[in-house]
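What follows is a set of notes on a single structure, which appears directly below.
First listed ligand is number 1; within each ligand, the first listed atom is number 1.
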Amino acid sequence: MILRNPNALIWALSAGLRWHVRRSTRLTLRLSRQSSTATTSNADHGLTIDGNTYATDSWTNVPPSILAQYGRRLHIQPNHPISITRKLIESRFPAFQNRNELPAVVTVDQNFDSLGFTQDHPGRSRTDTYYINKDTLLRTHTSAHEVDVFRDNASDGYTISADVYRRDAVDRSHYPVFHQMEGALTWDRNASSSSEDLAETIMSSLKKLPKHDLVVEDPNPPFHEERNPLQTKYHTPEEAKAVAAHLKRSLEDMVVTIFAAADKALAASGQGAQGEQEPLKVRWVEAFFPHTSPSWELEVWWRGDWLEVLGCGVIDQPLLNRAGVSSRVGWAFGIGLERIAMLLFGIPDIRLFWSKDQRFLSQFDESQPIRRFQPFSKYPAAPRDVAFWLPKSDGPVVVDTPASKTSAPSAAGGQVTEPMSSETPSFHENDLMEVVRNAAGDAVEDVSLIDSFKHPKTGRQSLCYRVTYRSLEKTLTTEEANELHEQIRQELVLKFGVELR
Ligand code: PHE
């Protein structure tokens, strides 16, 4: 998972523990329930998704609100901003095969084991991932398909775009369903006579890539023994350097394309293109992913801030071996499409992507140059607080996890959290988020912890959350907001045994 601005703490963790999960104290929720014919849920007889019925068990935690979102496939809806963004990125990799219809239900093996995630990797936790049952889940990233697509070996390069699911707090730039694109390019070692020859082949294909005049900050060595290791067992330094150079230039070219389009849209809207003031600037930051080494993130200087846009690296060779293509060597990246679409079009709230409102949808036309989104009215916010005592328990309480500064779905989603604890938390904020999401859907814009207090004598813990109700499509009446809030309060009592204050 992608990490923004790695800090010392992260690097002090062992590789397997560096799990980067976006945590936010704020939550955005859905208002309208979409009915999906693709999905039904039946607690007694299992879950039916895409016509397949899955037995449920103690791992099952996919809520109705997520099942209701299932099957919208925004990334392939004509004229949808997510789809336009996907196509723009695909256009920079013309020889790649584009896989855009892979189903979201995958096995634990596909999502984690096949990529080399350790058993104690926190991403496997039920507080972070939507499980259908102990062996089956809703993919948390498009990397879940890497091994299968490598095994097909149908083209040297491919992209996979898809909806991905994470149990996360949500705010105006976080949503439990979002879209990623995976891209990978590999070369066949057997097509070269020697290792030098392979590195040379890669370098000569690099020379054919488009040149750009981007300012690139890349202070890192090509690999680093501890921080960002070369896969010494499999790659020569020259091979890894060539793959990394090709990777970096390819992605820089992609970023130039995206930001040039964003800049043009800004200029056309009369807001003044960033490019008028300063040249486009990017930087490479060392990163960690279980399925690449060395690894990096690419950040872009955009309107006064470093914005993390993607994660990438030299593909883990054992992964390619597992896919039966041990002679292939190459790179992979993952990028979050919402974040890119938000900056391309100037879309201020991630819930808008799910809107069926013509005032939103009619603004996008894939046959036209990208234009800035014109916000329609903003309806008033209705904040309501809920304060409660947690039941007495010795288990850990997970609250107020740090909000991501850039706050938009990254390729991977986030920041470091603690390694997976063997102890089940007695209270996890994500569970509260889900209660709110299920009750109020997109009528909630934000949920934040505003107070946390431990009673000095009884040791009991009290929490207070502010739920901000605001629909994107209409004004909520006081009664509507009260009703939703009351429902949430009662659910908290029923589900977690809290005592309302
Ligand atoms: N799958 C990673 C994530 O979601 C992103 C990634 C893809 C990183 C491919 C490297 C290579 O965090």
Side-chain angles (χ1 to χ4, degrees), residues 1-4 6 10 15-16 18-23 89 93 96 99 102 104 106 110-117 121-124 128-130 137-150 157-168 174 176-186 228-229 231 240 243-244 246-248 250-251 254 284-299 308-320 323 329-340 404 406 408-417:
M1 295 271 150
I2 282 195
L3 151 80
R4 187 186 148 78
I10 293 149
R18 288 185 211 138
W19 169 247
H20 322 304
V21 179
R22 164 167 295 115
R23 291 274 166 226
I89 301 176
F93 302 100
F96 283 31
R99 309 286 301 261
L102 293 165
V106 298
Q110 286 172 299
N111 201 79
F112 295 123
D113 304 325
S114 78
L115 296 161
F117 279 61
H121 199 286
R124 295 177 185 259
D128 293 7
T129 295
Y130 290 111
L137 48 79
L138 293 177
R139 69 184 151 220
T140 64
H141 54 175
T142 42
S143 304
H145 302 289
E146 273 199 15
V147 168
D148 296 331
V149 177
F150 281 127
Y158 65 78
T159 65
I160 301 166
S161 297
D163 41 333
V164 300
Y165 299 76
R166 292 194 192 164
R167 233 172 148 249
D168 196 357
H174 297 89
V177 190
F178 62 103
H179 297 79
Q180 281 189 331
M181 183 191 289
E182 194 90 356
L185 178 62
T186 57
N228 213 7
Q231 300 178 47
V243 172
H246 194 282
L247 163 69
K248 287 179 174 175
S250 305
L251 298 182
M254 177 182 93
W284 288 100
V285 177
E286 287 176 343
F288 170 82
F289 303 100
H291 43 104
T292 51
S293 194
S295 310
W296 301 275
E297 286 162 10
L298 181 56
E299 298 187 344
E308 172 206 311
V309 295
L310 59 83
C312 64
V314 178
I315 302 162
D316 182 46
Q317 204 60 41
L319 184 161
L320 291 163
V329 180
W331 54 250
F333 72 87
I335 187 165
L337 295 178
E338 271 82 351
R339 168 173 289 188
I340 302 297
S404 162
T406 48
S410 70
Q415 303 165 335
V416 160
T417 180

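Contacts between Ser143 and ligand 1 below 4.0 angstrom, taking non-hydrogen atoms only, involve the side chain exclusively.
Between Val243 and Trp331, the shortest heavy-atom distance links the atoms O-CD1, 3.6 Å. Here the closest non-hydrogen pair linking Arg139 and Asn111 is CA-OD1, 3.4 Å.
Remark: ligand 1 and His141 share an N or O pair separated by less than 3.5 Å (distance only, no angle test).
Of all atoms in ligand 1, numbered sequentially from 1 with element shown, those under 4.0 Å from a heavy atom of Phe289 are 8 (C), 10 (C), 12 (O).
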For ring-ring contact (aromatic ring centres under 6.0 Å, His included), just list the numbers for Phe117 and His141, CA-CA rounded to whole Å, side-chain angles, deciding distance to a tenth of an Å, and then say yes or no.
CA-CA 13 Å; Phe117 279 61; His141 54 175; 5.8 Å; yes

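Between the side chains of Ser143 and Glu182, a donor-acceptor pair is found at a separation under 3.5 Å.
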